[in-house]
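We number each residue from 1, following the sequence as shown.
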Amino acid sequence: MPLALLALAVGAFGIGTTEFVVMGLLPDIAGDYGVSIPTAGLLVTGYALGVVVGAPLLTVLGSKVSRKRMLMLLLGLFVVGNVLSAVAPSFGMMVAGRVIASLAHGSFFGIGSVVAAGLVAPDKKAGAIATMFTGLTVANIVGVPLGTFIGQAVGWRTTFAVVAALGVIGLLGIARLVPAMPRPEGAHLRGELKAFRNPQVLLAMAMTVLGFGGVFAAITYIAPMMTEIAGYSEGSVTWLLVLFGVGMFLGNLLGGRFADRALMPLLYAALGGLAIVLALFTVLAHDKVLAAIAVFLVGALGFATVPPLQKRVLDQAHGAPTLASAVNIGAFNLGNALAAWLGGLVIAAGLGYTAPNWVGALLAAAALGLALWSAALERRAPATDAVVAAAETRVPVHH
């Protein structure tokens, strides 16, 4: 594997760290700014909404410049956002910094995947893409817990300064190691948007929003839930996030392995299991050991849905995989935003720190319902799908 993939992985590591680390630092940030925990949850919501907007917008704009230059611009934007977060004098400025950093998220992974695949031989493309995404996975095992530890020991502003430095390292690595790649030819927005006329694409994205939202409903408020309900010390949140990260890593690994063999059955099992575990988490959160097990299972079951949901979108998005892939990354984050907001609402309503688990269980159950509906529609009209696919392969596309 070429060294250029390491530069991409470093960028992915920084992006993954800044996305998730705020959850372990939520009480500290809320205390410094004098806002409530639900209000501090807007830092998660704001980041997620920034990804939703930035993923398709910057992916389309990125088609006009070289991929290498676009990746460098995206990491530059990421660094600016994290520096602003580190020095923000007010909560509003902190939210602005989070949003600026988030704009780079979706496009970096969408364009980075294409670049990674182009760096290696055809039979090694999947491994190259996986290498880049390893940065995101490792961020949740190492970067997030370490960032939480630094934030609690030295101050949360230091955490965001360190993440900004990671972005600079990734940017310099891309500038030095990634070869110049030509601007992609023949990319037209109208052609890309045609994929979204397919109801199955929209259903898959809705599954992404609701299914991954179930994870974030619980994990956004993991710090107050584990300290106030389970009885853990503030310092224990760090290793609980490690446990969540290990669950993510294993779930993503299993999801990737089985998505090609039995995509829909895997989705049924993961989403159904996630709904059950989240519902039980409202009770399990009162016991230290059971709460830790639940955190691991939420990570594992939640991230077992990521490869099949991403593949489902790409399979259904005929002729527009780049934009559809970026939009689906935005859909994951729309789920994050929705869940963080709903979780904050039920806490603010006085239902307690375990109430977001019920929100997550309902979201995951709704995603399971959509998966069953999508499969039923697919079984009902296989002939129609075959005719459409055949027509698309016969009719030439003129740009």
Side-chain angles (χ1 to χ4, degrees), residues 8 11-12 14-20 43-65 67 69-82 95-117 129 132-133 135-136 139 167 170 184 187-196 198 201-213 215-216 303 305-307 309-314 316-317 319-340:
L8 294 173
I15 290 173
T17 299
T18 206
E19 179 182 18
F20 291 101
L43 295 172
V44 178
T45 304
Y47 186 97
L49 290 177
V51 178
V52 173
V53 174
L57 178 63
L58 293 182
T59 298
V60 171
L61 293 177
S63 66
K64 304 301 181 182
V65 300
R67 288 172 177 148
R69 178 173 294 181
M70 190 61 191
L71 287 173
M72 293 170 64
L73 289 172
L74 289 170
L75 282 182
L77 191 64
F78 171 79
V79 170
V80 169
N82 279 284
V95 173
R98 292 283 292 166
V99 172
I100 290 171
S102 72
L103 293 174
H105 185 122
S107 291
F108 181 85
F109 284 107
I111 297 171
S113 295
V114 177
V115 170
I129 294 172
M132 184 193 74
F133 273 90
L136 179 63
H188 291 277
L189 181 59
R190 184 178 298 176
E192 291 280 318
L193 289 175
K194 285 182 180 178
F196 298 94
N198 183 352
V201 171
L202 301 181
L203 276 173
M205 290 182 175
M207 282 183 256
T208 296
V209 171
L210 296 175
F212 211 65
V215 175
F216 258 68
F303 275 75
T305 68
V306 174
L309 283 172
Q310 190 74 358
K311 186 174 186 298
R312 179 75 174 170
V313 168
L314 293 177
Q316 299 295 331
T322 304
L323 182 58
S325 177
V327 170
N328 199 48
I329 290 172
F332 280 111
N333 286 272
L334 179 58
N336 300 353
L338 174 67

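For the pair Leu58/Leu77, a side-chain contact is recorded, criterion being any heavy-atom separation below 4.5 Å from C-beta on.
With sequence neighbours excluded, the residues forming a side-chain contact (heavy atoms from CB on, under 4.5 Å) with Ala55 are Ala326, listed by chain and number. Every side-chain contact (heavy atoms from CB on, under 4.5 Å) that Val115 has, sequence neighbours left out, goes to Leu8, Arg67, Leu71, Ile111, Leu119, Val178, Met181.
Residues Leu103 and Gly50 approach most closely at CD2-O, 3.5 Å, considering heavy atoms. Nearest heavy-atom pair across Phe78 and Ala104 is CB-CB, 4.2 Å. Of all non-hydrogen atoms in Gly16 and Ala139, the two that sit nearest each other are C-CB, 3.8 Å. Across Ser102 and Gly46, no two heavy atoms sit closer than the pair OG-O, 4.2 Å. The minimum heavy-atom distance between Pro56 and Val327, with the atom names listed, is CB-CG2, 3.8 Å.
Atom CG of Asn82 and atom OG1 of Thr17 lie 9.5 Å apart (nearest 0.5 Å). Distance check, rounded to the nearest 0.5 Å: CG of Leu57 to OG of Ser107 gives 7.5 Å.
Separation of the Phe303 and Phe332 ring centroids does not fall under the 6.0 Å cut-off.
Taking the six-membered ring for Trp and thresholds of 30 and 60 degrees, Phe216 and Phe20 have ring planes inclined between 30 and 60 degrees apart.
Here the side chain of Arg98 pairs no donor or acceptor atom with the backbone of Thr45 at under 3.5 angstrom.
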Atom pairs and distances, donor-acceptor, side-chain atoms in residues 203-212, under 3.5 Å, two or more places apart:
from	atom 1	to	atom 2	distance (Å)
Thr208	OG1	Ala204	O	3.1
Thr208	OG1	Asn328	OD1	3.1

